[in-house]
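Here the structure comes first, spelled out in structure tokens, and everything after it is commentary.
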Amino acid sequence: MDHTVWLSRNELDAITEAAWVLIAIAIGLVVHRVSYWLLSRWAERSHNWFAGSVVRRTCRPAAYVVPLLAILIAEQFLDLPPVWTNAIVHASGLLTIAGVGWTLIALIRLWGDVVVARHRIDVEDNLLARQLGTRVDILSRVAVTIVVIVTAGMILMTFPAIRALGTTLLASAGLAGIVVGLAARPLFENLVAGIQLALTQPIRIDDVVVVETQFGRVEEIHSTYIVVRLWDLRRLVVPLTYFINTSFENWTRRTANLIGEVYLFADYAVDVEALRAELPRILARTPLWDGQTQNVQVTDATDRAVQIRALVSARDSGSLWDLRCFVREALIAYLRDHQAEMLPRVRVEAGAAGGVLPSRRDAPNGHAVEAGAARGGTNSSGREG
């Protein structure tokens, strides 16, 4: 029994036209693969960072845009059935909108790469680079968000049912507008906060900040939040609006140079001038000091000891922390080796009848005990010395 299936001429034509569409898609994919393979090889051999950035940012969008262009070109020469034509035209329109949006996003990110690459942040004086990097990063994220929203809206509006729904919502936009506005409030607040941060720049990438008593550096700035890398490598995630509505410390607002304090406690008889002369010699032994600020002063005096403050400066917060530790250790070593008797101590005085007067309170951290009367007098336990 003969089971041969005969197709009509229209069906054969439809299959042929569909085959041509598939061939066009295949040609587009081949052109994309070959073009980007050649471009990536050339970028690697020539060490061209711009070409490498173009490949990285546009490869995936082009994988959809190039076949789509091939379909649009082939469509002009095909005679498809009306049902197929409408479906292909609608699908092509959706892909075109999505492809254009994706291409715009790729171009925005490529622009960010170009600006950041021209201003290096890994140099000592990187204030301008951090300003531009922060502005570009925030504005590019805001622009990408806007492109995504507009693209999604345009795609949805191509469907007649959604257009009718949109018309209905516009007709009763009172309550719907309030609900949508309340739902979208956090998004728009963060978008506005991002634009404010980009323009006014109270905070930038790699800034040293103190947020909620936490010390760290700004590591990432996103469209809705900021990531702060803390000193112990934890990450603190903070909403963008926090830096607009709340006070915080920025240690690198104008420059990365900082001044730090080192405190010591010593006896009243300490030779402050000797300490003041020793500090420059200590600073000369380390590259952490930036050569700007150094000073020794007595900043307080209690009934037990004097408080000595040494001021030093460094190029950035990390160097300042290490410099303060180095100076503190060196000053303690100097007192130990050259003025050991000037370390904080408690004094005890012996009365005329040989009794022992009450001693004063313990000195800070302290430590050695000195008899206020003759060394051969009574000690703090009341026994003969």
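Just the heavy atoms: all of them, side chains too, but no hydrogens, waters or symmetry mates, feed the values below. For reference, positions follow the sequence shown, starting with 1.
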Rounded distance (nearest 0.5 Å) linking atom CG of L230 with atom CZ of R217: 12.5 Å

Linked, directly or transitively: F215 and L258 (ILVMFWY side chains, under 4.5 Å): yes

Check against side chain to side chain donor-acceptor pair (under 3.5 Å), Y242 and E212: CA-CA 11 Å; Y242 176 91; E212 299 291 342; 3.1 Å; yes

Pairwise side-chain contact, V227 with Y225, heavy-atom cut-off 4.5 Å (strictly under): yes

Non-hydrogen atoms of I108 and A143 that approach each other most closely: CD1-CB, 3.7 Å

Rounded distance (nearest 0.5 Å) linking atom CH2 of W102 with atom OG1 of T151: 12.0 Å

Exam field: side chain E278 to backbone L331, donor-acceptor pair closer than 3.5 Å: no

Test: D290 and R315 ion pair at under 4.0 Å: no

Co-membership, hydrophobic cluster, residues Y263 and V272, 4.5 Å side-chain: no

Shared hydrophobic cluster, L279 / V298 (ILVMFWY, side-chain heavy atoms < 4.5 Å): yes

Set of residues satisfying side-chain contact (heavy atoms from CB on, under 4.5 Å) with respect to I244, sequence neighbours excluded: A193, Q196, L197

From L283 atom CG to L288 atom CG, the distance as rounded to the nearest 0.5 Å: 10.0 Å

Result of checking V312, V262, L323 against R328 for side-chain contact (heavy atoms from CB on, under 4.5 Å): V262

Heavy-atom pair with the smallest gap, counting every atom of A266 and I308: CB-CD1, 4.1 Å

Smallest separation among heavy atoms of A277 and P280, with atom names: O-CD, 3.4 Å

Side-chain donor or acceptor of D316 paired with backbone N/O of S319 under 3.5 Å: yes

Chi angles and distances behind the side-chain contact (heavy atoms from CB on, under 4.5 Å) call for V209, V218: CA-CA 7 Å; V209 295; V218 178; 4.2 Å; yes

Sub-4.5 Å side-chain heavy-atom contact between I221 and I205: yes

Ring-ring centroid check W289 F326, cutoff 6.0 Å: no

Transitive ILVMFWY side-chain link I97 to L104, under 4.5 Å: no

V296 versus L275, closest heavy-atom pair with distance: CG2-O, 4.1 Å

Nearest-0.5 Å distance, CD of residue Q339 to CG of residue D267: 10.0 Å

Over all atoms of both residues, closest heavy-atom pair of R324 and G260: CD-CA, 4.0 Å

Spacing of I105 atom CD1 and I146 atom CD1 [to the nearest 0.5 Å]: 11.5 Å

Taking every non-hydrogen atom, the tightest pair across L311 and E261: CD2-CG, 3.6 Å

Residues R235 and E219 bridged, charged N to O under 4.0 Å: yes

pair V210-W251: side-chain heavy atoms closer than 4.5 Å: yes

Flag side-chain contact, heavy atom, 4.5 Å: L236 against V211: yes

Ring geometry between F243 and F248 (parallel below 30°, tilted from 30 to 60°, perpendicular above 60°): perpendicular

CG on D207 to OG on S317, rounded to 0.5 Å: 10.0 Å

Heavy-atom side-chain contact between R234 and R229 under 4.5 Å: no

Pair V237-I226, side-chain contact (heavy atoms from CB on, under 4.5 Å): steps then yes or no: CA-CA 6 Å; V237 180; I226 290 177; over 6 Å; no

Single-linkage hydrophobic cluster, 4.5 Å side-chain cutoff, M154 and V100 together: no

N257 vs T293 side-chain heavy atoms within contact, under 4.5 Å: no

Residues R109, V144; criterion side-chain contact (heavy atoms from CB on, under 4.5 Å); working and verdict: CA-CA 9 Å; R109 290 174 174 169; V144 166; 4.3 Å; yes

